[in-house]
K.L.:
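First the structure, then my questions, so here it is.
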Amino acid sequence: MSNLLIDAARLLGRIHTLGTIGRNEEGRLVRLAASDTEKLGRDQFVAWLQDAGLEVAVDRIGNIFGIWRHSGSVEQAPLLIGSHIDTVINAGIYDGCYGVLSGLEVVETLKASGFAPTRPIAIAAFTNEEGVRYAPDMMGSLVHSGGLPTEDALATVGTDGSVLGEELTRIGYSGAEEPGFLKPHAYVELHVEQGPVLEREGVPIGAVENLQGISWQRMTIDGVANHAGTTPMSMRRDAGHAAARVISFLRDRAMASSTSTVATVGCIAFEPNAINVIPSRATFTVDLRDPDAERLRAEEAALAAFLQELAAAEGVTISTERLARFEPVTFDARIVEIIEQAAVRRGLASKRMTSGAGHDAQMIARIAPAAMIFVPSVGGISHNPLEYTPDDDLIAGANVLLDVVKSLASAG
Ligand code: HGY
Ligand code: MN
Ligand code: MN
């Protein structure tokens, strides 16, 4: 049983402090990537890194790193602990922030304990993990792992018409380091599960062994605006109705799926958006996921075929734009075992899991052995202010992270 413990009060205090930063006038937490409110969160995180005596580095895509180079740690590739501090709209306080702040807590605890790592240990807060303002999601870690050219990422136009690179410069987080400057030896990410499994099974630790594939598209359906009262139903080219058919198609397919396909239309807008005008245009997003690569491709193909039939049947035109596409990812088996062993030593049950959510770990897995630790989410709720994980679970997860980091930073 490992007897070193994180400073629970310090970790919980920081989670709640960061959770107050970036609330709008209705009290909703909104720290969208590269926004003024996210800058406030970034500034607070950097201040904590500096207080901890860590070297702070920011790269050109705004990824923030706190690096502990212990005098005895030869110039080897660092162990990287990461996640994100940007949020969705009306977010909870744990998604991403818990993993970043637990990483800082683990480093501070190890430093204070006199532990001498054989390699540097770094904490990362990756830019734009959520992808709400700029697509794709997990963008900062994708650039860091070479999956997206920095210039392309910086040129991304947001849902508000802003340009990511200009916004990063404006908020003072267009850093000097070249993305990918820090080549991790291994990567571990601690995150709230954001699903119902651990709570339902009464298991405090998830050892995440894989992560499902993600397909994001933006769709535009063009019909013909017409009078809502005078136009016979048979003459309508109703973009709103066609969009509704797509939404029902996605749900029906996901509900009938023999695997765990999930589908969501999270954003939708009609034009001219008037009560008595048949919509001439519907613009909406499709988030389609499946842990099986072939199934995901099959669902995408079925959707494409349905769109063709729908366009012909409704007399509308349908265009699609790819926003993100990530294959399912399998994490490093050795690190997953280390997570399980750490849980056992702490007297904690654990369960091997698939992540339904996307995470920075899936990107860093492209360049280094990576795995994740989950803790339960009450009611499986996330991306919602009701997102909650009990303090005991948060502390248990951070202590498991402490042991995993110690193990990976001690080995050759
Ligand atoms: O979309 C996701 O799964 C993550 O929250 N960005
Ligand atoms: Mn997250
Ligand atoms: Mn999220």
Side-chain angles (χ1 to χ4, degrees), residues 15 18-19 22 28-33 38 41 45 63 81-103 123-143 147-148 153 156 158-159 187-195 206 208 210-218 260-267 285-291 296 323-329 353-365 370 372-377 380-389 394 397 401:
I15 290 172
L18 190 53
R28 293 178 157 199
L29 182 57
V30 186
R31 282 203 309 267
L32 299 186
E38 202 223 3
F45 176 54
N63 294 325
I81 315 164
S83 201
H84 62 95
I85 60 171
D86 66 306
T87 74
V88 295
I89 299 166
N90 199 16
I93 67 170
Y94 304 97
D95 179 358
C97 303
Y98 169 53
V100 171
L101 296 177
S102 293
I123 308 131
F126 289 109
T127 294
N128 189 35
E129 190 277 346
E130 292 294 2
V132 169
R133 189 182 183 197
Y134 305 99
D137 55 350
M138 288 76 73
M139 188 189 277
S141 49
L142 180 63
V143 171
L148 178 66
T156 305
T159 51
Y187 176 85
V188 189
E189 181 166 354
L190 174 61
H191 206 289
V192 291
E193 179 199 339
Q194 301 180 289
V208 187
N210 61 340
L211 190 151
Q212 68 178 342
I214 301 175
S215 167
W216 278 8
Q217 296 182 71
R218 180 183 292 120
S260 49
T261 309
V262 290
T264 311
V265 173
C267 312
T285 56
V286 173
D287 179 323
L288 194 56
R289 309 190 193 199
D290 196 296
L296 185 56
L323 296 178
R325 182 60 171 85
F326 301 124
E327 289 294 315
V329 167
M353 303 180 70
T354 295
S355 174
H359 295 289
D360 293 308
Q362 76 188 90
M363 302 308 173
I364 305 303
M372 295 186 74
I373 306 166
F374 276 173
V375 293
S377 291
I381 294 172
S382 184
H383 286 185
N384 178 318
L386 295 178
E387 181 182 277
Y388 177 67
T389 296
L394 295 171
L401 178 67

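In each ligand, atom 1 is the first atom listed, and ligand 1 is the first ligand listed. Everything numeric in this text was worked out from a predicted model, so none of it was measured. Along the sequence shown, residues carry numbers from 1.
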K.L.:
I'd like to know if the Mn ion (ligand 2) has an N/O/S atom from H84 within less than 2.8 Å of it, counting both backbone and side-chain atoms.
P.N.:
yes
K.L.:
Flag the pair S355 / F374 as yes when at least one side-chain heavy-atom distance between them is below 4.5 Å, and no otherwise.
P.N.:
yes
K.L.:
Is the closest N or O pair between D137 and ligand 1 shorter than 3.5 Å?
P.N.:
yes
K.L.:
Nearest protein heavy atom to atom 5 (O) of ligand 1, by residue and atom, and its distance?
P.N.:
E130 OE1, 3.0 Å
K.L.:
For ligand 1, which part of E129 has a heavy atom less than 4.0 Å away: the side chain, the backbone, both, or neither?
P.N.:
both
K.L.:
Which heavy-atom pair separates I373 from L401 by the least distance, and what is that distance?
P.N.:
CD1-CA, 3.8 Å
K.L.:
In Å, rounded to the nearest 0.5 Å, how long is the span from CE of M138 to CD1 of I364?
P.N.:
11.0 Å
K.L.:
Suppose I only count heavy atoms of A357 and a 4.0 Å limit; which atoms of ligand 1 are within that range?
P.N.:
3 (O)
K.L.:
The test is side chain to side chain donor-acceptor pair (under 3.5 Å); show your working for E189 and S83 and say whether it passes.
P.N.:
CA-CA 6 Å; E189 181 166 354; S83 201; 2.7 Å; yes
K.L.:
Got an N, O or S from D95 under 2.8 Å of the Mn ion (ligand 3)?
P.N.:
yes
K.L.:
Among protein heavy atoms, which sits nearest to atom 1 (O) of ligand 1, and what does the distance come to when rounded to 0.1 Å?
P.N.:
R289 NH2, 2.8 Å
K.L.:
Give the ring-plane orientation class for Y187 versus F126, where under 30° counts as parallel, over 60° as perpendicular and anything between as tilted.
P.N.:
tilted
K.L.:
For R28, look at atom CZ and say whether over 12 heavy atoms of other residues, nucleotides or ligands are found less than 6.0 Å away.
P.N.:
no
K.L.:
Which of the numbered atoms in ligand 1 are under 4.0 angstrom from any heavy atom belonging to H383?
P.N.:
5 (O)
K.L.:
Take the Mn ion (ligand 3) as the vertex and measure to NE2 of H383 and OE2 of E130; round to 10°.
P.N.:
110°
K.L.:
Side chain to side chain donor-acceptor pair (under 3.5 Å) for H84 and D360? Distances and angles first, verdict last.
P.N.:
CA-CA 8 Å; H84 62 95; D360 293 308; 5.3 Å; no
K.L.:
State whether the shortest distance between N or O atoms of G358 and N or O atoms of ligand 1 falls below 3.5 angstrom.
P.N.:
yes
